Structure formats: structure tokens, C-alpha cells
Asks: 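Below you will find the structure I want to go over with you.
It should be emphasised that the depicted structure is a prediction, and the values quoted were computed from it without experimental measurement. As the structure lists them, so they are numbered: ligands from 1, and atoms in each ligand from 1.
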Amino acid sequence: MAERTYHAVTLETVQGDITRQDDLDAVVNAANARLRPGGGVAGAIHRAAGPGLARECEALAPIQPGQAVITAGHDLPNRHVIHCLGPVYGLDEPADQLLAACYRRALQLADEAGLTSIGFPAISTGVFGYPMAPAARVALYAVAAKADSLTSVKLVRFVLFAREDLAVFDQVLETMTECT
Ligand code: AR6
């Protein structure tokens, strides 16, 4: 677990399950273009949210790499789910810019909805094949750079499934300078 503050926005890392973040206003789904229940994060989020989420998603699909859309949280403990389509590594280019756009747009949607807290999984690092260390750098720097334009969001939590993934995020975050 590590923590840094940028322009009054706290970035923190935890090991855990994105569907079990009861104290957050929104969680982010590492979605597919059709916004359908799939494997990984998307499967877990749709299972926990119930069939109402897939019904709401139908009207919003498809989305492009780097885009994000917001829905209700349905049976999740969170008010909202923000669905991001990350780049498929080696296919959607430029991968780093598309991945950074996911984080920026998710934060923008959360801020516009007046939410104070949001949790991200490591988008694109599972089925989509983005290596964890560069993905962690893109994610953390994109969120830190966006912090000064946020008015409502105060807490951004990175929820990593595996302990070794948490260690990668922590290593990047600990080398970043604080900016309050
Ligand atoms: N909580 C937090 N992190 C998780 C969880 C969880 N419950 N489950 C997996 N992870 P992925 P992608 C981690 O594959 O690479 C889907 O089938 C996982 O270890 O969910 O963006 C969609 O339908 C990995 O580090 O997302 C798309 O087709 C990270 O979350 C496609 O996969 C992301 O893994 C999206 O691929």
C-alpha cells in the first residue's frame, strides 16, 4: 500500500477485488467494446452488479479504445460504474496514449457526476496483454497530471488483484514526487 497527494487528490494503492470496494462512489470496469460481461474484471463486475447493468450497457455500446462511459452501479455497493475500453497491447496504437485517455476520461466523468471517490483496476493488463510496469507508470502519471483539473474527486484508489501487481504500482508511486 502506498499513497501520494496531488492538488488535494489522494492516490492510493491496495491489493483487492474491484467488486468489494464498498466505500467508493464509483468503480471502473476494464470493459470490452460491446460493454458485455466478459472475463476478468468485466465478468466480476457484471456478476456482482446483476443483469440490470448489461441492459443499461446495451444502449451505450460500442465504445472505442480510450473511451469511457458511466452507468449506475446496480447491485454493486457503488453508485456508479465507469466502463473504460483499454488498448489491446500490440494492436491499438499509440497504446500509452490510449491507456492514459481511459484514466483521464473516467476521472472526468466521475468529476462531472460530482463523485468524490473512484477505484481503478489495472486496465489492459489482463486479457489485453499490456505489461504491468509500463501500464502502472501510464496509469499513475495520467491520474496525477489530471488532479489539478478535478473539483469533486478527492480519492483515487488503484485496486490490484495480485500482490506482485501491487508491488509494481507501489514502486512507481513511491518514486513520484508529492504535490499538495
Ligand atoms: N478486481 C481487481 N482486479 C482484477 C479483478 C478483480 N476482481 N479480476 C481481474 N483483475 P482484465 P483487460 C485484474 O483481463 O486486460 C475481459 O474479458 C487482472 O489481474 O479484466 O483490460 C473484457 O471483457 C488484470 O491485472 O482486463 C475484455 O474483453 C486487470 O485486472 C478484456 O477482458 C485487467 O484484466 C479486457 O482486458
Asks: Would you list the pairs meeting side chain to side chain donor-acceptor pair (under 3.5 Å) in which at least one residue belongs to residues 151-166, sequence neighbours left out?
Replies: E12-R157, Q21-R157, D23-R157, D111-T151
Asks: Are there any protein N or O atoms under 3.5 Å from the N or O atoms of ligand 1? List them with distances, or say none.
Replies:
{"unit_1": "ligand 1", "atom_1": "1 (N)", "unit_2": "I18", "atom_2": "N", "d": "2.9"}
{"unit_1": "ligand 1", "atom_1": "7 (N)", "unit_2": "D17", "atom_2": "OD1", "d": "3.0"}
{"unit_1": "ligand 1", "atom_1": "14 (O)", "unit_2": "V127", "atom_2": "N", "d": "2.9"}
{"unit_1": "ligand 1", "atom_1": "15 (O)", "unit_2": "S124", "atom_2": "O", "d": "3.4"}
{"unit_1": "ligand 1", "atom_1": "15 (O)", "unit_2": "T125", "atom_2": "N", "d": "3.4"}
{"unit_1": "ligand 1", "atom_1": "15 (O)", "unit_2": "G126", "atom_2": "N", "d": "2.8"}
{"unit_1": "ligand 1", "atom_1": "15 (O)", "unit_2": "V127", "atom_2": "N", "d": "3.2"}
{"unit_1": "ligand 1", "atom_1": "15 (O)", "unit_2": "F128", "atom_2": "N", "d": "3.1"}
{"unit_1": "ligand 1", "atom_1": "17 (O)", "unit_2": "G39", "atom_2": "N", "d": "2.9"}
{"unit_1": "ligand 1", "atom_1": "20 (O)", "unit_2": "V41", "atom_2": "N", "d": "2.8"}
{"unit_1": "ligand 1", "atom_1": "21 (O)", "unit_2": "S124", "atom_2": "N", "d": "2.8"}
{"unit_1": "ligand 1", "atom_1": "23 (O)", "unit_2": "N32", "atom_2": "ND2", "d": "2.7"}
{"unit_1": "ligand 1", "atom_1": "25 (O)", "unit_2": "T125", "atom_2": "OG1", "d": "2.7"}
{"unit_1": "ligand 1", "atom_1": "34 (O)", "unit_2": "G126", "atom_2": "N", "d": "3.4"}

Asks: Side chain of D17, backbone of T19: donor and acceptor closer than 3.5 Å?
Replies: yes
Asks: Without swapping roles, check the side chain of S124 against the backbone of P87 for a donor-acceptor pair under 3.5 Å.
Replies: yes
Asks: Applying ring pair (Phe, Tyr, Trp, His ring centres under 6.0 Å), which residue pairs with at least one partner in residues 83-117 are found, sequence neighbours left out?
Replies: Y89-Y130, Y103-F120
Asks: With a cut-off of 3.5 Å and sequence neighbours excluded, list every side-chain donor-acceptor pair involving residues 31-44.
Replies:
{"unit_1": "N32", "atom_1": "OD1", "unit_2": "R34", "atom_2": "N", "d": "3.3"}
{"unit_1": "N32", "atom_1": "OD1", "unit_2": "L35", "atom_2": "N", "d": "3.0"}
{"unit_1": "N32", "atom_1": "OD1", "unit_2": "R36", "atom_2": "N", "d": "2.9"}
{"unit_1": "N32", "atom_1": "ND2", "unit_2": "R36", "atom_2": "O", "d": "2.7"}

Asks: Which heavy atom in I45 sits nearest to a heavy atom in V28, and how many Å separate them?
Replies: CD1-O, 3.6 Å
